[in-house]
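Hydrogens, waters and symmetry mates are skipped; everything else that's a heavy atom, side chains included, is used. This structure is a prediction, so every number in the text was calculated from the model and none was measured.
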Amino acid sequence: MAENLDGSYFFLGNKVAPVQDQITEIYSPIDGSSVGKVHEFTHQEIDETFEFLAKNQPAWEAVPVDQRAKALNRVADLLEENLEELSDLIVMEIAKSKKDAKDEVTRSADFVRYTAEEAKRANGETQFSDAFPGQGRNKLAVVHRVPLGIVLAIPPFNYPVNLALSKIAPGLATGNAVLLKPPTQGSVVGTYLGKLLLDAGIPKGVMAVVTGRGSRIGDYLVQHPKVSMISFTGSTETGISLAKKAGMVPLMLELGGKDAAIVLEDADLEAAAQDIVAGAFAYSGQRCTAVKRVLVSETIADQLVNLLEEKIKKLQVGDPRDNAVITPLVEISTAEKGEELISQAVNKGARLVVGGTRESNILPPALLDHVTTDMDIAWVEPFAPILPIIRVKNAQDALHIANESEYGLQAAIFSKDIDGALKLAMNLDVGSVQINGKTSRGPDHFPFVGAKNSGMGAQGVRYSIEAMTRVKTIIFNMKDPNLEKMK
């Protein structure tokens with residue numbers, strides 16, 4: 001698989017060169033087999049890469065936006081043409097099911113095309129000075145948007161194509177150069193993606209991929225003087241550390257979440273249970289937008305738990321190549337942490353309804369009932385297939401627990417009372433609220449925002465385009481503002 005990556009590729013200067021020294025081998029969480037090898041960049045190589053991007057970015061900015069859009073459309077075409085190989089790489093490197101991997105690639109192609117078109121509409125405005133008190137009509141401001149320079153794109157392992165391209169596409173479309181730092185587990189996919197971008201005609205001087213362990217090169221990248229903007233998706237702990245080190249560099253941070261599904265007395269329980277299971281356990285819960293706790297009215301809790309148990313027991317556990325829903329977790333330490341969270345909750349009085357017995361890095365889907373707020377699982381993001389049920393007295397009780405979290409990514413409300421659900425949604429301290437639907441990132445042109453420790457800045461096609469550009473104003477001073485003389 002992906003033999004052309006064996007030995008690695010790195011992007012440096014005006015060449016894509018195979019490298020044989022300083023290699024890290026990437027192993028599959030499925031069976032421990034080798035997925036590929038990537039180069040460990042040195043600080044000197046990083047400096048040279050930034051220098052080359054900085055040298056070539058102005059020429060890319062000068063390319064008409066329509067031509068940049070055409071280049072991105074070719075990227076989308078190549079994503080679809082390489083669907084099978086790319087999705088196979090995703091399956092082996094991060095243990096995502098083949099169906100979900102193919103959906104990710106297809107969705108990414110759609111994202112790139114939409115971004116290419118939206119970039120054409122990133123227009124400015126004109127303003128006369130007399131709109132402000134005491135001013136005459138003698139000044140005309142032409143306001144437009146210009147690229148920031150070099151965007152450092154740092155996606156996570158769980159969506160190595162989609163969340164990479166959600167940063168790369170708006171960056172390139174607006175005339176920036178982009179340096180992609182893929183996650184270690186996901187770097188083979190990231191390197192493949194970088195080569196695909198070059199094959200599509202993106203100039204070598206404006207798109208680069210730097211691989212290496214974040215613990216070794218992460219700080220050097222985010223503090224590099226030639227970085228103009230950082231778009232990062234990952235853990236809250238890493239995001240906060242990055243923000244402290246980045247200084248005045250503009251940031252877009254998509255961090256952790258503890259997304260609550262609030263189920264009220266009048267909810268359609270069958271529909272709610274279906275959405276909650278899908279939202280909690282897709283890709284083994286390794287998603288920031290996964291449903292990570294259920295706050296349910298105590299009068300209907302037994303009914304909901306029974307429905308959830310029934311549906312969870314039907315989830316396929318095993319090999320992602322067989323399209324299992326619950327697959328090996330990328331890190332065995334995550335599975336061990338999840339097992340510890342379950343044990344602690346049970347020891348404090350929670351009831352383990354189903355699941356909880358780990359086998360290596362596979363953690364079967366776990367449903368915990370009677371979880372209380374003194375248990376870690378009520379607050380900690382496990383990034384694993386664990387669903388805690390917290391019984392509440394009423395909507396106000398649910399609101400209080402939901403808002404007490406350090407996170408504020410998303411929430412879901414299940415209720416037939418739309419007015420009441422809307423009122424509750426207005427008071428939830430999160431970036432997005434789904435009413436009668438599971439927490440979810442898409443569609444990709446919607447704004448995606450995190451509150452509190454869940455992030456900074458708004459993503460989504462138009463919002464990312466705005467974040468990766470800045471406003472620039474040119475002011476015309478007119479010599480004769482007396483319009484009467486023009487009659």
Side-chain angles (χ1 to χ4, degrees), residues 53-54 56-82 104-127 140-153 155 159 161-180 193-194 196-208 228-231 250 252 254 441-449 457-476:
L53 292 175
N56 287 277
Q57 182 272 327
W60 178 244
E61 180 181 351
V63 172
V65 65
D66 181 63
Q67 291 184 32
R68 297 200 297 262
K70 287 178 180 177
L72 285 171
N73 282 322
R74 289 194 294 272
V75 172
D77 292 341
L78 279 187
L79 284 169
E80 292 174 340
E81 290 172 19
N82 291 271
E104 178 179 344
V105 176
T106 301
R107 171 185 175 185
S108 299
D110 291 338
F111 179 93
V112 172
R113 289 195 180 99
Y114 193 103
T115 301
E117 289 304 308
E118 188 68 25
K120 298 177 184 178
R121 296 188 283 273
N123 299 317
E125 60 180 353
T126 58
Q127 300 177 26
L140 175 65
V142 177
V143 184
H144 63 296
R145 305 195 75 87
V146 297
L148 297 175
I150 299 175
V151 173
L152 174 59
Y159 290 89
V161 172
N162 184 258
L163 290 183
L165 285 168
S166 73
K167 306 171 190 305
I168 294 169
L172 292 176
T174 50
N176 293 283
V178 177
L179 191 152
L180 172 66
L193 182 61
L196 185 148
L197 283 155
L198 296 188
D199 290 345
I202 300 298
K204 295 173 184 175
V206 297
M207 176 67 222
S228 308
M229 188 264 186
I230 301 171
S231 179
M252 183 186 293
E254 178 191 340
R441 181 181 177 88
D444 287 321
H445 66 301
F446 281 13
F448 188 78
V449 185
Q459 298 181 77
V461 177
R462 178 167 63 85
Y463 305 93
S464 295
I465 284 172
E466 291 175 353
M468 293 181 181
T469 55
R470 64 177 175 84
V471 169
K472 185 173 183 178
T473 306
I474 298 172
I475 301 171
F476 292 91

Between [Y] and [X], does any NZ, NE, NH1 or NH2 come within less than 4.0 Å of an OD or OE carboxylate oxygen?
{"X": "Glu117", "Y": "Lys120", "answer": "yes"}
{"X": "Glu254", "Y": "Arg441", "answer": "yes"}
{"X": "Glu80", "Y": "Arg113", "answer": "yes"}

**Request:** Without swapping roles, check the side chain of Ser464 against the backbone of Val461 for a donor-acceptor pair under 3.5 Å.
**Result:**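 No, Ser464 side chain to Val461 backbone: no donor-acceptor pair under 3.5 Å.
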request  = Kindly say whether Leu148 contributes a backbone atom to a donor-acceptor pair with the side chain of Asn176 at under 3.5 angstrom?
outcome  =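 Yes; judged by distance alone, with no hydrogens or angles, the pair exists.
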[X] side, atom [atom1]; [Y] side, atom [atom2] - distance, nearest 0.5 Å:
{"X": "Thr473", "Y": "Glu125", "atom1": "OG1", "atom2": "CD", "answer": "8.5 Å"}
{"X": "Lys70", "Y": "Gln67", "atom1": "NZ", "atom2": "CD", "answer": "6.5 Å"}
{"X": "Ser108", "Y": "Asp444", "atom1": "OG", "atom2": "CG", "answer": "8.0 Å"}
{"X": "Glu118", "Y": "Phe111", "atom1": "CD", "atom2": "CZ", "answer": "10.5 Å"}
{"X": "Tyr159", "Y": "Arg107", "atom1": "OH", "atom2": "CZ", "answer": "6.5 Å"}
{"X": "Leu198", "Y": "Leu78", "atom1": "CG", "atom2": "CG", "answer": "11.0 Å"}

Between [Y] and [X], is there a side-chain heavy-atom distance shorter than 4.5 Å?
{"X": "Met229", "Y": "Met252", "value": "yes"}
{"X": "Val178", "Y": "Ile150", "value": "no"}
{"X": "Leu165", "Y": "Leu79", "value": "yes"}
{"X": "Leu179", "Y": "Val151", "value": "no"}
{"X": "Arg462", "Y": "His445", "value": "no"}
{"X": "Val146", "Y": "Arg470", "value": "yes"}
{"X": "Ile202", "Y": "Leu172", "value": "yes"}
{"X": "Arg68", "Y": "Trp60", "value": "yes"}

Checklist entry - Checking side chain to side chain contact (heavy atoms under 4.5 Å, CB included) against Val143, which of Ile475, Val471, Asn123 comes through? => result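 Answer to the side chain to side chain contact (heavy atoms under 4.5 Å, CB included) test with Val143 among Ile475, Val471, Asn123: Val471.
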State, to 0.1 Å, how close [X] and [Y] come at their nearest heavy-atom pair, and which atoms those are.
{"X": "Asn162", "Y": "Glu104", "value": "N-OE2, 3.0 Å"}
{"X": "Arg74", "Y": "Ala200", "value": "NE-O, 2.9 Å"}
{"X": "Met468", "Y": "Pro170", "value": "SD-C, 3.8 Å"}
{"X": "Ala164", "Y": "Leu193", "value": "CB-CD2, 3.8 Å"}
{"X": "Ile465", "Y": "Ala122", "value": "CG2-CB, 4.1 Å"}
{"X": "Leu197", "Y": "Met207", "value": "CD1-SD, 3.8 Å"}

